[in-house]
Amino acid sequence: MSGPNEQQRELITKTEGIYIADAGPGTGKTYTISLRYAHILNNKDVSPEDILLITFTNNAAENMKERIINKCDHNKAALRDAPISTFHSLCNNILREYGFEAPEILGIHDRLTSSTEVMENNVIEEQEFVRFFNSFIEKHPEHVDLYRVIGDQAELLGLIKTLGAKGIIPTSEGWFRNSDRHLDGDFDKFKEQFDKVNEPVPGANGFKQSLLRGKLTDYKNKCFTKDAPDYLEIRGEGVQVPERFASECFYEEREEFKQFIHDVYFEYIEYALSRNYINFSLMIMFAFALLCEDHELREKLSYQYVMIDEFQDTNEIQFKLALLLSSTGNICVVGDWKQSIFSFQYASVDNILLFEERLKEYSRELNEDHKRIKYSTDIEGKIPLDENFRSTQEITDFSQQGLMVEATKKEKLEKEEILSRITHLSAVKNFGETEIGAYTAEDEVELILWKIEQLVSGELDYGDIAVLTRTRRFGLRLLKAAEKYGIPVAYEGGIELFLTKPSLVLLAWLRVVKDENSKRGWAQLLDLAGYRYAEVGHILDNRRYPTDMCKFARKLKRAKTIGEFAREVFDKYGLDDPFCDGMIEVLQNVYNSTYLNTAEMINFIEVNIEAGNTYDVDSSTEENVFKIQTIHSSKGLEYPVVILADVGKGGGGFGSPLEFRDPIGLRQNKIYSEDGMPFNYDNWRSHLLKKCLSGDYDEERRLFYVAMTRAESYLFLTAEEGKESQFFVNMDIEAQSVEPVVEKVEPVVKSRNELTVEAVKIPSPAKYTSHALIEYSGSGGGMGMDYGTKVHNFAERYVKDDVEPENIDEENVKDYIDSLDGEVRAEVVCLLPLVKDGRKLFFDGVIDLLNLDGDTIRLVDFKTGRPGANLQEYFKQLSVYYHAVKGVYPDKEVEAYVLYTADGSLVSVDVLSVDEILAKL
DNA sequence: CACTAACCGATTTTT
DNA sequence: TCGGTTAGTG
């Protein structure tokens with residue numbers, strides 16, 4: 001880049017006052033922000049600790065810091081410690097230093113301590129929440145009618161977090177700073193939406209019924225309480241729903257329900273603190289409360305300059321926090337409403353769309369009882385960045401269409417209005433060739449692979465191509481197919497296999513098979529089978545489980561392997577997807593090498609869940625591969641070629657019996673009543689309210705937009721023939737129907753070679769890595785772990801490609817490898833099963849280098865430490881490798897060496913016998 | 001043409 | 001459980 005353009009320069013140099021920058025895709029946002037930071041530092045009398053820069057992810061914060069350090073002449077150490085971070089780590093730091101008594105602000109007599117942990121795994125948190133909620137039920141019998149209504153307790157936790165994101169916080173006495181006013185909703189805003197959907201629709205002869213009236217056809221199939229108006233009454237005599245129902249539904253009695261939410265919310269915070277953890281939502285909440293109430297601390301912590309990147313991803317409480325964190329009103333928010341796709345993470349797109357409005361509203365709110373916001377909240381300027389450095393003009397214009405495409409056949413969009421909100425982007429770079437295409441075929445997966453093969457047969461490489469999908473599921477299907485054809489591919493982003501539904505079902509059955517009265521197992525299974533909370537409790541107490549389920553458990557007991565077990569379970573539930581296959585693969589592999597019994601298998605899954613382990617479907621280190629990603633994870637990235645697969649709208653809403661929605665506030669969709677038949681009745685009021693809110697596809701369109709704007713020069717849309725979504729159909733492009741033929745590609749050599757010895761079947765296994773044998777003396781000198789890893793990586797790469805050594809260690813490795821005859825393999829995985837005291841043990845490890853030279857096999861381990869150091873310890877490790885290799889090649893002469901890479905000295909290993917290895921344990 | 005009953009298919013992920 | 005689509009009815 002030849003320096004900032006006019007708009008970028010404006011953003012860089014105008015630093016005093018409040019600015020909002022509209023930074024569309026490819027407009028050089030990160031570049032501009034880092035220059036702005038440098039500009040402030042160089043031209044104002046401030047140091048890095050006076051400038052707060054907030055980003056969305058830790059990764060982004062790191063990148064930003066790197067850039068700024070490179071651009072500024074300022075003290076590098078000070079910049080490393082500069083407040084360039086996410087909201088969460090900023091709040092965490094504040095709480096660690098000043099937050100000990102923050103809970104007291106809410107009336108909780110507990111403390112945040114340095115040992116308070118941040119709950120990162122939401123599955124574990126849900127388990128904690130369920131534990132909490134069960135004790136809550138015992139303590140609060142008065143809410144019994146509400147308990148009957150709750151299907152999934154974890155949804156209640158979700159509801160609490162939604163409230164937290166909006167800045168609605170409970171205290172021992174009531175609600176923090178009257179935040180409960182938001183619980184009631186906003187009638188005027190609701191009425192606006194009501195009127196809109198209740199507008200009669202113009203038809204061929206006069207007016208047709210309003211959308212709302214049409215939607216209410218299901219009203220008669222619902223089961224409402226006695227006070228509900230009947231079908232004819234609510235739909236009215238004309239083409240509209242009578243207007244009086246708007247206020248009649250909106251203003252319903254909610255006091256008891258609100259009290260219940262308050263109590264659950266407040267006591268859960270108490271519970272979390274008593275268990276010594278907080279979640280991410282509480283982290284922000286406590287920091288916010290602290291900065292609200294401790295005026296001295298706020299003055300002390302606030303910053304002269306505040307910048308927030310990706311502002312479209314912030315939520316309400318973060319907006320307010322930002323206002324509190326600024327001392328002077330020098331605030332700059334940068335974002336793009338068109339790229340707001342994280343509402344399910346509680347992001348509020350209105351923060352940026354209604355920036356001015358919210359700015360005024362929030363500062364008024366924060367100043368109600370004390371003047372916290374002392375600066376002017378007038379906006380100094382709006383700066384649109386309007387040059388796109390990423391994509392060609394064709395792609396830029398085409399993607400913009402995506403924001404105005406109808407998602408359904410009925411949907412009507414006010415395109416002029418949308419257009420007026422979009423900053424038109426002009427492409428600056430000429431990339432030469434550009435192409436936009438759309439294809440359909442019977443098999444979309446084959447279609448995509450066919451297109452990729454077509455592309456790489458020309459000028460393009462696999463590495464230029466990214467396939468973006470809306471769901472991980474489709475991505476994994478594509479991955480599987482690509483691997484089948486040998487097309488080089490990488491799925492970006494790991495999969496938390498054990499948090500998927502198949503895994504939870506499987507785990508529940510394992511529990512039940514292990515212990516026929518397992519409460520956790522049965523609770524989950526009964527819940528899945530559709531039993532309500534109260535019924536589940538009854539069944540568990542009386543231990544009278546459904547007979548067909550008991551029968552299935554007996555069948556499972558006879559399964560011979562975990563794979564068979566899992567397959568039975570998945571078949572029973574009609575689960576059949578790549579997650580199931582992945583699970584079976586992982587579990588069967590574990591089983592094959594360790595013969596875990598049921599209890600151990602349960603533990604294995606639990607540990608995986610606990611650790612939030614993700615399983616990378618492909619760990620290929622190859623560079624030239626095409627990438628598969630979900631659209632959400634592709635945000636911020638760019639590729640020469642983007643193939644956008646599986647476009648369409650996501651599943652409709654998920655209704656929960658208790659929920660919070662703007663602008664109707666807190667609502668109870670189900671009501672338990674014994675008036676007549678005891679039953680969970682539908683709430684006719686919230687039924688009508690919800691019909692007025694539905695059908696908002698804006699975020700789906702933005703998702704579509706984000707995906708398309710990742711492309712630099714080539715963009716292709718694909719769809720399954722006959723199942724094209726309205727997005728696909730309504731875009732201004734002619735789709736080509738093709739019959740794809742995919743050719744098999746020569747298989748790529750695997751980067752790791754498997755070398756496994758047939759194991760002996762003995763129960764109760766344990767697993768060790770060969771490094772567990774080694775006790776380092778600590779005096780090895782050496783250059784540390786990272787350096788060692790680098791040298792090892794060099795060896796692996798040198799064997800495969802021809803890379804140049806970069807230091808003396810790597811040169812010695814190269815010289816040694818060059819001196820060898822025969823086949824050389826690097827990074828060979830090996831496994832050695834042993835038996836000690838009737839217990840099976842596994843040692844595994846990675847052999848750095850394996851040299852197959854006629855009848856001789858040499859195995860070599862590289863050590864970057866001081867030559868001669870730790871030799872005895874290394875001998876133990878190498879002995880394990882020796883026996884593993886000898887097990888596979890019993891007829892060959894096996895030699896083991898340690899190569900000290902510092903001076904190239906080679907030491908022959910005195911191999912220990914198996915018994916000696918065992919004795920060392 | 002307007003309306004309705006019956007059927008179908010249903011997430012994304014960071015802190 | 002939801003809403004959209006489709007096929008069928010008046």
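Chain letters run A, B, ... following the sequence lines, proteins first, then strands; residues in each count from 1.
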Query raised in the report: Is A/Phe344 stacked on the base of B/dT13 when the test is centres under 5.5 angstrom and planes under 30 degrees?
Result: no

Query raised in the report: With nearest nucleotides of DNA chain B determined for A/Asn58 and A/Tyr231 from heavy-atom distances, which residue corresponds to the more 5′ nucleotide?
Result: A/Tyr231

Report task. State whether A/Lys670 places a side-chain N or O below 4.0 Å from either non-bridging phosphate oxygen (OP1 or OP2) of C/dT1. Result -> yes

Query raised in the report: Salt-bridged, A/Arg80 to A/Glu66, with N to O below 4.0 Å?
Result: yes

Query raised in the report: Between B/dT11, C/dT5, C/dC2, which nucleotide gets closest to the side-chain atoms of A/Arg470?
Result: B/dT11

Requested in this report: Give the ring-plane orientation class for A/Phe319 versus A/Phe311, where under 30° counts as parallel, over 60° as perpendicular and anything between as tilted.
Outcome: perpendicular

Requested in this report: Please check the phosphate of B/dT4 (OP1 and OP2 only) for any side-chain N or O of A/Arg235 closer than 4.0 Å.
Outcome: yes

Query raised in the report: Is the shortest side-chain N to carboxylate O distance from A/Glu310 to A/Lys635 below 4.0 Å?
Result: yes

Query raised in the report: Are A/Arg701 and A/Val405 side-chain neighbours, meaning at least one heavy-atom pair lies under 4.5 Å?
Result: yes

Query - Separation of the P atoms in C/dT1 and B/dT12, to the nearest angstrom - result: 24 Å

Report task. Look at the side-chain N and O atoms of A/Tyr697 and state whether any lies under 4.0 Å from the OP1 or OP2 oxygen of C/dG4. Result -> yes

Query raised in the report: What integer distance in Å separates A/Ile54:CD1 from B/dT15:P?
Result: 13 Å

Query raised in the report: CD of A/Gln339 versus P of B/dT12: gap in Å, rounded?
Result: 20 Å

Query raised in the report: Does A/Asp336 pair with A/Lys29 as a salt bridge, N-O distance under 4.0 Å?
Result: no

Query raised in the report: To the nearest angstrom, how far is A/Lys635 atom NZ from B/dT15 atom P?
Result: 12 Å

Query raised in the report: Is the A/Tyr219-A/Phe224 ring centre distance short of 6.0 angstrom?
Result: yes

Requested in this report: Please state how far atom CZ in A/Phe280 lies from atom P in B/dT13, giving the value in whole angstrom units.
Outcome: 16 Å

**Report entry** Rounded distance (Å) that lies between atom C1' of B/dC7 and atom CG of A/Asp218
**Finding:** 15 Å

Requested in this report: Hey, which sits more toward the 5' end of DNA chain B by its nearest nucleotide, A/Ser281 or A/Lys723?
Outcome: A/Lys723

Query - Closest listed nucleotide, where the reference is the side chain of A/Thr471 and the choices are B/dC3, B/dT13, B/dT11 - result: B/dT11

**Report entry** For atom CD of A/Gln318 and atom C1' of B/dT14, their distance in whole Å
**Finding:** 11 Å

Query raised in the report: Contact class for A/Lys222 (heavy atom, under 4.0 Å): base, sugar-phosphate, or nothing?
Result: sugar-phosphate

**Report entry** A/Lys208, nearest nucleotide to its side chain (from C/dT5, B/dT12, B/dA2)
**Finding:** B/dA2

Requested in this report: Give a yes/no answer on whether the side chain of A/Lys215 brings an N or O atom under 4.0 Å of OP1 or OP2 in C/dG4.
Outcome: no

Query raised in the report: Can you find a side chain N or O atom of A/Ser343 that sits less than 4.0 Å from OP1 or OP2 on B/dT12?
Result: no

Report summary line: Of the candidates C/dG4, B/dC3, B/dT13, the side chain of A/Gln209 sits closest to B/dC3

Report summary line: Testing B/dT13, B/dT14, B/dT11 for proximity to the side chain of A/Arg472, the answer is B/dT13

**Report entry** Touch class at under 4.0 angstrom, heavy-atom based, for A/Phe87 against every strand present
**Finding:** nothing

Query raised in the report: Expressed in angstrom and rounded to an integer, what is the separation of A/Asn669 atom CG from C/dT1 atom P?
Result: 11 Å

**Report entry** Atom-pair distance (CD on A/Gln629; P on B/dT14), nearest Å
**Finding:** 11 Å

